[in-house]
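Atoms considered below: every heavy atom in the structure, side chains included; atoms not considered: hydrogens, waters and symmetry mates.
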Amino acid sequence: QVTLVESGGGSVQSGGSLRLSCATSGSSYHGFCLGWIRQPPGQASEAIASIFTDADSTNYADSVKGRFTISLDKVTNTMYLQMDNLKPEDSDVYFCTGGYMDFSTCAGRRVVDFGWWGRGTQVTVSS
């Protein structure tokens with residue numbers, strides 16, 4: 001059983017930064033993909049970033065590329081999402097997610113491939 005618990009959300013002004021954390025447990029890091037998913041109002045869920053744990057290989061949606069950084073600390077089993085230059089349209093609930101999959105599937109960032117989800121943490125960016 002995989003458990004994912006997010007923290008670090010909050011409110012920030014446009015242009016500011018936040019770092020989200022996800023404490024993970026119960027997973028073997030072999031063949032495992034971790035990611036962050038958000039669902040803007042009226043839109044489909046989007047996996048904005050993923051990291052393939054075997055290779056620490058990362059992948060980003062165009063909407064966050066160059067502003068967000070996903071990383072994994074294998075000592076503490078904690079995943080992070082560093083969010084810089086935040087915009088009002090980044091406001092959302094961010095979910096830590098994970099699933100067993102291969103490298104290419106992880107890079108594809110399809111929401112349906114992530115079988116485990118945390119409860120989410122709210123990020124609010126004001127203009």
- line: CG of Leu34 to OG1 of Thr58, rounded to nearest 0.5 Å, is 12.5 Å
Single-linkage hydrophobic cluster, 4.5 Å side-chain cutoff, Val123 and Val64 together: yes
field: Heavy-atom check, side chain of Ser63 versus side chain of Arg38, under 4.5 Å
entry: yes
- prompt: Roughly how far apart are Cys96 SG and Ile70 CD1, rounded to 0.5 Å?
  reply: 8.0 Å
- prompt: OG/Ser17 to CG/Asn85 distance, rounded to the nearest 0.5 angstrom?
  reply: 8.0 Å
message: Please determine whether salt bridge (Lys or Arg N to Asp or Glu O under 4.0 Å) holds for the pair Lys65 and Asp62, giving the CA-CA distance in whole Å, both sets of side-chain angles, and the decisive distance to 0.1 Å.
response: CA-CA 5 Å; Lys65 195 173 294 183; Asp62 288 342; 3.3 Å; yes
- prompt: Under the 3.5 angstrom rule, does the side chain of Ser57 hit a backbone N or O of Ala55 as a donor-acceptor pair?
  reply: no
Interatomic spacing from CG in Asp56 to NZ in Lys74 - rounded to 0.5 Å: 4.0 Å
query: According to a 4.5 Å side-chain heavy-atom criterion applied to Ile, Leu, Val, Met, Phe, Trp and Tyr, with indirect links allowed, do Phe95 and Ile48 form part of one hydrophobic cluster?
result: no
task: Taking the side chain as every heavy atom from C-beta outward, state whether Phe52 and Leu72 have any pair of such atoms under 4.5 Å apart.
output: no
- request: Check whether any side-chain heavy atom of Glu46 sits under 4.5 Å from a side-chain heavy atom of Asp92, and report yes or no.
  value: no
hydrophobic_cluster_shared for Val2 and Leu20, side chain cutoff 4.5 Å: yes
field: Hydrophobic cluster membership, Ile51 vs Phe114, 4.5 Å side-chain cutoff
entry: no
- prompt: What's the shortest heavy-atom distance between Ser127 and Ser14, and which atoms?
  reply: CA-CB, 4.2 Å
statement: Residues Ser50 and Cys33: closest non-hydrogen pair is CB-SG, 4.0 Å
task: Indicate if Leu4 and Val111 have the same hydrophobic cluster label, given that clusters are the connected sets of ILVMFWY residues with side-chain heavy-atom separations under 4.5 angstrom.
output: no
message: In the structure I gave you, are the side-chain heavy atoms of Tyr80 and Cys22 within less than 4.5 Å of one another anywhere?
response: no
- request: State whether the side chain of Glu6 and the backbone N or O of Gly120 hold a donor-acceptor pair below 3.5 Å, judged by distance alone.
  value: yes
message: A side-chain contact here means heavy atoms from C-beta on lying under 4.5 Å apart; do Tyr60 and Arg67 qualify?
response: no
- request: Using atom types as modelled and distance alone, determine if a side-chain donor or acceptor of Thr121 lies under 3.5 Å from a backbone N or O of Ser7.
  value: no
- prompt: Rounded to the nearest 0.5 Å, how far does CZ of Phe103 lie from CG of Asp54?
  reply: 10.5 Å
field: Whether Thr53 side chain and Phe32 backbone form a donor-acceptor pair below 3.5 Å
entry: yes
Asp73 to Val75 - nearest heavy-atom pair and separation: OD1-N, 2.9 Å
message: Test your reading of the model: is there a side-chain donor-acceptor pair from Thr3 to the backbone of Ser25, 3.5 Å cut-off?
response: no
message: Angle between ring planes, Tyr100 versus Trp116, binned at 30° and 60°: parallel, tilted or perpendicular?
response: perpendicular
- request: Of all the heavy-atom pairs spanning Gly35 and Met79, show the shortest one and how long it is.
  value: O-CE, 3.5 Å
